[in-house]
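First up is the structure itself, then whatever we jot down about it.
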Amino acid sequence: MAPTYTMLLTAFSLALTGTVMNRTHMMSMLLGIEAMTLSLFMIMTTLSTNSPSSTATPIIMVTMAACEASTGLTLLMLTSKKNTNDHMKNLNLLQC
């Protein structure tokens, strides 16, 4: 079981590294976040197979990932419609 956890933690850390390093386009950041969510789902699934009391946890994780994906794609669509591209340097949503 240890190689499985090592592989999943490596996948999560690679997705996190990809998200941090590729901050040029919003789509690449969303793909990195989705990869992190997928690896977290796989970790939760492998952990919940050992204990029957936490079988609903992966289902909740998938529901949250679907909500996150729809929100991210909506933001991507609105940003690309407003700015005609998805460059992160064009986002000024948090500026006062």
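No experiment lies behind these values; they were computed from the predicted model shown. The residues of the chain are indexed from 1 along the displayed sequence. Keep in mind that the numbers below use all heavy atoms, side chains included, and drop hydrogens, waters and symmetry copies.
To the nearest 0.5 Å, atom CE of residue Met36 and atom OG1 of residue Thr19 are 4.0 Å apart. Taken from CE in Met27 to CD in Glu34, the straight-line distance is 9.0 Å, to the nearest 0.5 Å. Put simply, CG on Leu9 and CG on Leu40 are 9.5 Å apart, with the number rounded to the nearest 0.5 Å.
Under the 4.5 angstrom side-chain criterion for Ile, Leu, Val, Met, Phe, Trp and Tyr, Ile59 has no cluster partners at all.
The nearest pair of heavy atoms linking Gly32 to Ala15 is O-CB, 3.8 Å. Across all non-hydrogen atoms, the minimal contact from Cys67 to Ser70 is O-OG, 2.9 Å. Here the closest non-hydrogen pair linking Met26 and Gly72 is CE-O, 4.4 Å.
Scanning for side-chain contact (heavy atoms from CB on, under 4.5 Å) contacts around Ser39 gives Ala11, Phe12, with sequence neighbours left out. Listed by chain and number, the residues in a side chain to side chain donor-acceptor pair (under 3.5 Å) with Asn22 amount to none (sequence neighbours excluded). Residues that satisfy the side-chain contact (heavy atoms from CB on, under 4.5 Å) test with Leu47, not counting sequence neighbours, are Tyr5, Ile43. Applying the side-chain contact (heavy atoms from CB on, under 4.5 Å) criterion to Met77, with sequence neighbours excluded, gives no partner residue. In this view, Thr45 and Phe41, Pro58 satisfy the side-chain contact (heavy atoms from CB on, under 4.5 Å) rule, not counting sequence neighbours.
With hydrophobic clusters built from ILVMFWY side chains whose heavy atoms lie under 4.5 angstrom apart, Leu31 does not share a cluster with Leu75.
Listed by first then second residue, pairs satisfying ring pair (Phe, Tyr, Trp, His ring centres under 6.0 Å) with a partner in residues 50-83 number zero, not counting sequence neighbours. Residue pairs meeting the ring pair (Phe, Tyr, Trp, His ring centres under 6.0 Å) criterion with at least one partner in residues 42-79, sequence neighbours excluded, do not occur; the list is empty. Residue pairs meeting the ring pair (Phe, Tyr, Trp, His ring centres under 6.0 Å) criterion with at least one partner in residues 15-37, sequence neighbours excluded, are His25-His87. Contacts classified as ring pair (Phe, Tyr, Trp, His ring centres under 6.0 Å) and involving residues 50-80 (residues at least two apart or in different chains) are not found.
Side-chain contact between Thr37 and Met61 is present, with heavy atoms from C-beta onward closer than 4.5 Å.
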